[in-house]
K.L.:
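One structure is given below, represented as structure tokens, and several questions about it will come after.
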Protein chains: 2
Amino acid sequence: MHLFKGTFDVLILKTLSWGPAHGYAISRWIGQTSGDDLTIEEGALYPALRRLEAKGWLSAKWKTTETGRDARVYSLTDDGRRALRRELAAWEKYVTAFTRVLQTKPQEAIS
Amino acid sequence: MHLFKGTFDVLILKTLSWGPAHGYAISRWIGQTSGDDLTIEEGALYPALRRLEAKGWLSAKWKTTETGRDARVYSLTDDGRRALRRELAAWEKYVTAFTRVLQTKPQEAIS
DNA sequence: GACTCATACATAAGACACTCATGTATAGCA
DNA sequence: TGCTATACATGAGTGTCTTATGTATGAGTC
């Protein structure tokens, strides 16, 4: 489905809050747990990870996975953990405000 | 606050579902009812209205308001009403999926 | 009469996250 | 040998946004 830009960072951070993971696995996890309603394209995923790393929210190193492949494994930094808390709060605030607008019925015509 | 791109159209459509209104009033209504948590900049507002009009979701005509000013008053078309229903459903589905990802705790490491 | 504020619309420049397409490489399996 | 899944990467293009700037006028204030 079409998505709302700027919302993926929180999902990535949250996913990494459970422990280190590489990009492909993060993408798969988000797809799975959302029932495939949320899919993050590879062209969006890898730049996003670089971006979050550049912000200091993630740290990365190359490792070999259990299946014998090279993978770039990301971990949440302390800054990343703080950012996650902030972003989660912002998201909830946003949804609350959004819902309020959707549910408020005007007494009279809007002008 | 920073916003999530692509989410405003629904708010505009919803606001117009209560009756015709001009851009400035729509913006004010969204700001008000959200407790100023959601503000739509004028540089985003007017292009968005044109966009929705071009899609056939809104119709517009110039009128003079009660306060004696020229204003471009927008109304929801039938297509717009259908679009609103679709967009609302999509938004709810998105938030649900999003919440599911945020709340799902993995049994084991994500890989 | 001059000034300021709120109302009302408009647009251009630039930022930025996305989609889509394409590319590399390799493990595992039939 | 060929196919699928895994794993990363990037470039071109798109579209919505922010920021800044501009026009114009009604209403109230000094």
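Chain letters run A, B, ... following the sequence lines, proteins first, then strands; residues in each count from 1.
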K.L.:
Would you kindly compare A:Glu66 and B:Thr65 by the position of their nearest DNA chain C nucleotide and give the one closer to the 5′ end?
P.N.:
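Final value for this comparison: B:Thr65.
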K.L.:
Round to a whole Å and report the spacing from OH of B:Tyr46 to C1' of D:dG15.
P.N.:
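Checked: the OH to C1' distance equals 21 Å.
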K.L.:
A side-chain contact here means heavy atoms from C-beta on lying under 4.5 Å apart; do A:Leu16 and A:Leu58 qualify?
P.N.:
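Side-chain contact under 4.5 Å: yes.
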K.L.:
Go through it in stages, so that I can follow the logic: the residues are A:Tyr74 and A:Glu53, the test is side-chain contact (heavy atoms from CB on, under 4.5 Å), and I'd like the CA-CA distance, side-chain angles, deciding distance and then a yes or no.
P.N.:
CA-CA 9 Å; A:Tyr74 290 91; A:Glu53 191 187 356; 3.9 Å; yes
K.L.:
Base, sugar-phosphate or nothing for B:Gly23? Non-hydrogen atoms, less than 4.0 Å.
P.N.:
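Since only primed, P, OP1 and OP2 atoms lie under 4.0 Å of B:Gly23, the category is sugar-phosphate.
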K.L.:
Rounded to the nearest angstrom, tell me the gap between atom CZ in A:Arg50 and atom C1' in D:dA9.
P.N.:
8 Å
K.L.:
Before you tell me yes or no, could you show the steps for A:Leu13 and A:Leu88 under side-chain contact (heavy atoms from CB on, under 4.5 Å), namely the whole-Å CA-CA distance, both residues' side-chain angles and the distance that decides it to 0.1 Å?
P.N.:
CA-CA 10 Å; A:Leu13 293 174; A:Leu88 273 179; over 6 Å; no
K.L.:
Take A:Gly43 and B:Ser111, find for each the nucleotide of DNA chain D with the closest heavy atom, and name the residue whose nucleotide sits nearer the 5' end.
P.N.:
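In this pair, the answer is B:Ser111.
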K.L.:
Over the length of the helix from C:dG1-D:dC30 to C:dA30-D:dT1, how much do the five-pair end axes diverge, rounded to 10 degrees?
P.N.:
10°
K.L.:
Nearest to the A:Arg69 side chain among D:dA5, D:dA24, C:dC18, which nucleotide is it?
P.N.:
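So the nucleotide nearest the side chain must be D:dA5.
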K.L.:
D:dC8 phosphate, OP1 or OP2: any side-chain N/O from A:Tyr24 under 4.0 angstrom?
P.N.:
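No, because none of the side-chain N or O atoms of A:Tyr24 sits under 4.0 Å from OP1 or OP2 of D:dC8.
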K.L.:
Which nucleotide wins on minimum distance to the side chain of A:Arg51, given the candidates C:dA10, C:dA17, D:dC17?
P.N.:
C:dA17
K.L.:
Could you state the CG-P distance from B:Leu45 to C:dT11, rounded to the nearest angstrom?
P.N.:
13 Å
K.L.:
Write down the distance between CZ (A:Phe4) and P (D:dT16), rounded to a whole number of angstrom.
P.N.:
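Checked: the CZ to P distance equals 12 Å.
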K.L.:
So A:Arg72 and A:Arg50, do their side chains get closer than 4.5 Å, heavy atoms only?
P.N.:
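They are in side-chain contact.
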K.L.:
Using side-chain contact (heavy atoms from CB on, under 4.5 Å), reason through A:Ile40 and A:Ile26 one step at a time and then give a plain yes or no.
P.N.:
CA-CA 9 Å; A:Ile40 176 160; A:Ile26 294 171; over 6 Å; no
K.L.:
With respect to the side chain of B:Glu42, which nucleotide from C:dA10, C:dC18, C:dA15 is positioned closest?
P.N.:
C:dA10
K.L.:
I want to verify a distance call: between C:dA10, C:dA8, C:dT11, whose nearest atom is closest to the B:Pro47 side chain?
P.N.:
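For the B:Pro47 side chain, the nearest candidate turns out to be C:dT11.
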K.L.:
Using whole Å, what does the distance between atom C1' of nucleotide C:dC18 and atom CD1 of A:Ile30 come to?
P.N.:
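Computing the A:Ile30:CD1 to C:dC18:C1' distance gives 15 Å.
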K.L.:
In this structure, how many angstroms lie between the P atom of C:dA27 and the CG atom of A:Asp70, rounded?
P.N.:
9 Å
K.L.:
Side chains of A:Tyr24 and A:Arg28: closer than 4.5 Å at any heavy-atom pair?
P.N.:
yes
K.L.:
Which comes earlier along DNA chain C counting from the 5' end, the contact point of A:Phe8 or that of A:Thr67, where each point is its nearest nucleotide?
P.N.:
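Result: A:Phe8.
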K.L.:
Measure from the side-chain heavy atoms of B:Lys5 and tell me the nearest of C:dC9, C:dA15, C:dA8.
P.N.:
C:dA15
K.L.:
Hey, does B:Ala44 reach any base, or is it just sugar-phosphate, or nothing, if we go heavy atoms under 4.0 Å?
P.N.:
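Counting heavy atoms under 4.0 Å across all strands, the contact made by B:Ala44 includes a base.
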K.L.:
Looking only at side-chain atoms of B:Glu41, point me to the closest of D:dT19, C:dA8, C:dT11.
P.N.:
D:dT19
K.L.:
Can you measure B:Leu49 atom CG to C:dT11 atom P for me and round it to whole angstrom units?
P.N.:
12 Å
K.L.:
Grab the CZ-P distance between B:Arg72 and D:dT23 for me, whole Å please.
P.N.:
21 Å
K.L.:
Mind running side-chain contact (heavy atoms from CB on, under 4.5 Å) on A:Val101 and B:Lys14 for me, showing each step along the way?
P.N.:
CA-CA 8 Å; A:Val101 175; B:Lys14 182 67 188 182; 5.7 Å; no
K.L.:
Is the backbone N or O of B:Asp36 less than 3.5 Å from a side-chain atom of B:Thr39, with the two atoms forming a donor-acceptor pair by type?
P.N.:
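It does not hold such a pair.
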